[in-house]
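Order of the sequence lines fixes the chain letters, A, B, ..., with proteins taken first and strands second; residue numbering starts at 1 for each chain.
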Protein chains: 2
Amino acid sequence: MNALILIVEDEEDILELMEFNLGREGFETIGFLNTKRVHEVLSEENVDLILMDRNLPGTEGSEYIASLRRQGINIPVIFISAKDKDEDIEQGFERGGDDYLTKPFSMKELILRVKAILRRTKKSPNEGNSTYRDITLNLASRTLMIENSLIELTKLEFDLLYALISNQNIVLDREYLLEHVWGSDEVYQDRTVNVAINRLKEKIDPDKSKEYIKTVRGVGYTLC
Amino acid sequence: MNALILIVEDEEDILELMEFNLGREGFETIGFLNTKRVHEVLSEENVDLILMDRNLPGTEGSEYIASLRRQGINIPVIFISAKDKDEDIEQGFERGGDDYLTKPFSMKELILRVKAILRRTKKSPNEGNSTYRDITLNLASRTLMIENSLIELTKLEFDLLYALISNQNIVLDREYLLEHVWGSDEVYQDRTVNVAINRLKEKIDPDKSKEYIKTVRGVGYTLC
DNA sequence: AAGTATCGTCACAATTTGATTACAATAGTT
DNA sequence: AACTATTGTAATCAAATTGTGACGATACTT
């Protein structure tokens with residue numbers, strides 16, 4: 001999954017150049033000429049890094065970032081600005097910037113700094129995250145994302161999906177599931193699993209178009 | 001708990017200047033004129049950040065860092081070097097640097113960059129101030145501000161909110177909370193947490209309009 | 001194609017869980 | 001010591017979750 005970088009830069013040609021170069025490195029980019037629709041996107045998309053110009057029409061970039069920080073939005077930010085005085089740089093960092101690049105800047109250096117930040121902040125693959133196709137399970141927050149939309153699961157449903165997702169390509173029989181998901185002390189019927197699987201399917205694929213969970217007749221269920 | 005910064009710089013007067021300025025900002029520092037004893041210290045002390053010169057007697061700083069990285073040591077590194085060519089900077093980042101400052105540099109900027117990196121990588125929340133949405137916890141004065149108005153919390157309530165706020169997006173189960181907020185010596189019931197959470201909710205959101213704390217049925221509570 | 005075993009689905013009941021309130025116990029203050 | 005604030009526990013209520021049985025649908029076998 002490629003990192004998503006949001007760019008705010010009011011000079012259209014510079015913006016294009018940045019998007020082109022970052023895109024060539026395999027990053028996804030969303031560019032804006034001002035901050036108007038940024039907040040909207042931040043709440044909808046999973047942005048990994050923000051590149052922010054400071055001299056923007058209307059808003060001042062670093063003030064905008066400061067307001068994001070006050071809202072508890074801690075996405076990493078690199079300021080890219082012609083403001084190169086010591087006080088300017090100080091202000092940029094104090095308002096929550098992670099790095100500060102002064103114009104004119106080299107594309108190469110920008111890319112290096114982008115990578116350095118993402119290397120630290122982007123959740124390294126499968127650290128607390130389990131994925132299968134377009135499903136992402138986050139263990140810590142106990143949340144399920146399917147195609148960037150959040151789906152609420154009950155505890156049982158979550159544990160069940162986690163068992164399946166961490167045993168991809170392995171058919172889990174009902175006995176195994178009852179023991180590992182439900183817990184071994186109580187005694188349940190095999191049908192209990194059927195119904196639970198069903199309720200899970202209904203939540204993660206209401207249209208029945210994805211077929212995430214495959215039934216293996218006579219044995220159990222699997223994600224494959 | 002102050003951050004510990006390890007510095008390798010072969011020019012003695014620059015090293016002293018750096019230690020003096022960083023010390024004045026409240027950082028602990030350990031300075032070296034070469035890399036000889038660095039590894040030893042890294043294994044004994046809990047170093048939060050390394051400031052590394054490149055032109056050192058004997059070793060080349062960035063090569064030394066590269067070897068640390070190969071050993072799985074991922075302490076953040078800021079290179080501080082007179083090598084300012086594009087290729088030099090590229091090499092610095094590729095060998096595992098998090099930032100690159102070219103000599104001559106301003107102490108102010110160094111401190112800002114140090115803080116920016118520690119803000120992200122150090123586990124402890126930044127400077128005793130934790131925020132979430134419009135909530136601000138001040139650890140030093142143990143006070144809580146919500147939308148510019150002061151709210152009084154009891155010790156338990158404060159500690160509980162602090163646990164939640166410093167683990168945003170992570171569901172904390174009752175066992176964890178009892179151990180970390182209440183303390184592990186005594187034995188309490190799980191319900192105790194419910195009641196405490198309730199009292200906290202009542203104080204921080206009497207109208208029940210904000211929904212700061214989310215209940216995760218069957219698991220625990222989270223701020224998200 | 002018919003028969004059988006297995007599974008999906010639905011409705012309902014049982015259970016679990018959390019919120020809330022009241023009250024008792026404890027600690028800290030005057 | 002009396003008072004107050006704080007906190008743990010128990011009881012009650014409401015709600016979400018989950019287990020079960022019934023039955024139709026589906027897949028597999030012959």
Side-chain angles (χ1 to χ4, degrees), chain A residues 142 144 151-164 171-223, chain B residues 142-144 151-164 171-224:
Chain A
R142 293 190 68 89
L144 163 65
I151 293 175
E152 300 243 348
L153 294 183
T154 68
K155 173 176 156 56
L156 183 73
E157 288 159 357
F158 188 90
D159 293 344
L160 181 55
L161 181 55
Y162 180 61
L164 289 166
V171 181
L172 302 178
D173 60 40
R174 293 178 178 73
E175 198 181 350
Y176 175 93
L177 288 169
L178 284 174
E179 187 166 332
H180 288 80
V181 178
W182 275 257
S184 48
D185 40 346
E186 298 271 343
V187 177
Y188 299 98
Q189 301 182 1
D190 278 5
R191 279 178 229 155
T192 298
V193 180
N194 298 20
V195 179
I197 286 280
N198 233 261
R199 287 171 177 156
L200 177 58
K201 278 184 180 173
E202 173 65 25
K203 281 208 186 163
I204 63 179
D205 182 23
D207 302 340
K208 300 181 184 175
S209 56
K210 304 280 194 66
E211 306 203 347
Y212 295 116
I213 299 172
K214 189 178 157 196
T215 305
V216 181
R217 202 160 231 272
V219 188
Y221 301 89
T222 186
L223 239 60
Chain B
R142 293 187 68 88
T143 53
L144 163 66
I151 292 176
E152 300 241 352
L153 292 182
T154 69
K155 170 177 159 52
L156 183 73
E157 288 160 356
F158 188 90
D159 292 344
L160 181 54
L161 182 55
Y162 179 59
L164 288 166
V171 180
L172 303 178
D173 59 37
R174 292 177 178 76
E175 198 180 352
Y176 175 93
L177 288 169
L178 284 174
E179 188 166 332
H180 288 80
V181 178
W182 276 257
S184 50
D185 40 346
E186 297 270 343
V187 177
Y188 300 97
Q189 300 181 359
D190 279 4
R191 301 280 168 77
T192 298
V193 180
N194 297 24
V195 180
I197 286 279
N198 232 261
R199 288 170 177 157
L200 177 57
K201 277 185 181 174
E202 174 65 24
K203 280 209 187 163
I204 64 178
D205 182 23
D207 301 340
K208 298 180 183 176
S209 57
K210 304 280 194 66
E211 306 203 347
Y212 294 117
I213 299 172
K214 187 177 157 199
T215 305
V216 181
R217 198 161 236 269
V219 187
Y221 300 90
T222 187
L223 238 62
C224 68

Quiz item: What does the inter-axis angle of the helix from dA1(C)-dT30(D) to dT30(C)-dA1(D) come out as, five pairs per end, nearest 10 degrees?
Solution: 30°
Self-check item: Glu179(B) side, atom CD; Asp173(B) side, atom CG - distance, nearest 0.5 Å
Solution: 10.0 Å
Quiz prompt | Separation of atom CG in Asn194(B) from atom P in dA14(D), rounded to whole Å | solution = 18 Å
Quiz item: What distance do Leu177(B) atom CG and Asp159(B) atom CG have between them, rounded to the nearest 0.5 Å?
Solution: 11.0 Å
Exercise. Could you identify which residues of residues 195-203 of chain A place a heavy atom less than 4.0 Å from some atom of DNA chain D, listed by residue number, or say none?
Key: Val195(A), Arg199(A)
Quiz item: So Leu153(B) and Arg142(B), side chain to side chain contact (heavy atoms under 4.5 Å, CB included) or not? Walk me through it.
Solution: CA-CA 8 Å; Leu153(B) 292 182; Arg142(B) 293 187 68 88; over 6 Å; no
Quiz item: Run the side chain to side chain contact (heavy atoms under 4.5 Å, CB included) check on Leu178(B) and Asp190(B) step by step: do they pass?
Solution: CA-CA 8 Å; Leu178(B) 284 174; Asp190(B) 279 4; 3.8 Å; yes
Quiz item: Can you check side chain to side chain contact (heavy atoms under 4.5 Å, CB included) on Leu164(A) and Ile197(A), steps first, answer last?
Solution: CA-CA 10 Å; Leu164(A) 289 166; Ile197(A) 286 280; 4.2 Å; yes
Quiz item: For the atom pair CG (Leu144(A)) and OH (Tyr162(A)), what is the distance rounded to the nearest 0.5 Å?
Solution: 14.0 Å
Practice problem: Mind calculating the distance between CD (Glu152(A)) and P (dA15(D)) to the nearest angstrom? | Solution: 18 Å
Quiz item: Does a side-chain N or O from Thr154(B) land closer than 4.0 Å to OP1 or OP2 of dA5(D), or not?
Solution: no
Exercise. Classify the side chain of Arg191(B) and the base of dT9(D) as holding, or not holding, a donor-acceptor pair under 3.5 Å.
Key: no
Self-check item: Nucleotide dG8(D), atom C1' - distance to CG of Asp190(B) in whole Å
Solution: 13 Å
Quiz item: How close or far is atom P of dT26(D) from atom NZ of Lys214(A), stated in whole angstroms?
Solution: 19 Å
Exercise. Please state how far atom CG in Leu177(B) lies from atom C1' in dG18(C), giving the value in whole angstrom units.
Key: 15 Å
Practice problem: Please check the phosphate of dG19(D) (OP1 and OP2 only) for any side-chain N or O of Trp182(A) closer than 4.0 Å. | Solution: yes
Practice problem: Specify the residue among Arg174(B) and Val216(A) whose closest nucleotide of DNA chain C lies further upstream toward the 5′ end. | Solution: Val216(A)
Exercise. Quickly work out the Ile213(A) CD1 to dG8(C) C1' distance and round it to whole Å.
Key: 13 Å
Self-check item: Protein-nucleotide distance (Lys208(B), atom NZ; dT20(C), atom P), rounded to Å
Solution: 4 Å
Practice problem: Using only side-chain N and O atoms of Thr215(B), determine if any of them is under 4.0 Å from OP1 or OP2 of dA19(C). | Solution: yes
Self-check item: Protein-nucleotide distance (Leu156(B), atom CG; dT26(C), atom P), rounded to Å
Solution: 17 Å
Practice problem: Look at the side-chain N and O atoms of Tyr221(B) and state whether any lies under 4.0 Å from the OP1 or OP2 oxygen of dA19(C). | Solution: yes
Exercise. Begin from the C-alpha positions of Ile213(B) and Leu223(B) and carry the test side chain to side chain contact (heavy atoms under 4.5 Å, CB included) through to its verdict.
Key: CA-CA 5 Å; Ile213(B) 299 172; Leu223(B) 238 62; 3.6 Å; yes
Self-check item: Nearest-0.5 Å distance that lies between atom CG in Asn194(A) and atom CZ in Arg174(A)
Solution: 4.5 Å
Quiz item: Does a side-chain N or O from Gln189(B) land closer than 4.0 Å to OP1 or OP2 of dA10(D), or not?
Solution: yes
Exercise. With sequence neighbours excluded, give me every salt bridge (charged side-chain N to carboxylate O under 4.0 Å, His left out) pair touching residues 195-212 of chain A.
Key: Asp134(A)-Lys210(A), Glu147(A)-Lys210(A), Glu157(A)-Lys203(A)
Exercise. State whether the distance check finds a donor on one side and an acceptor on the other, under 3.5 Å, for side chain Arg217(B) versus base dT17(C).
Key: yes
Exercise. Identify the heavy atoms of Ile204(A) and Tyr212(A) that sit nearest to each other, and give their distance.
Key: O-CE1, 3.5 Å
Quiz item: Is the distance from OP1 or OP2 of dT9(D) to the nearest side-chain N or O of Thr192(B) less than 4.0 Å?
Solution: yes
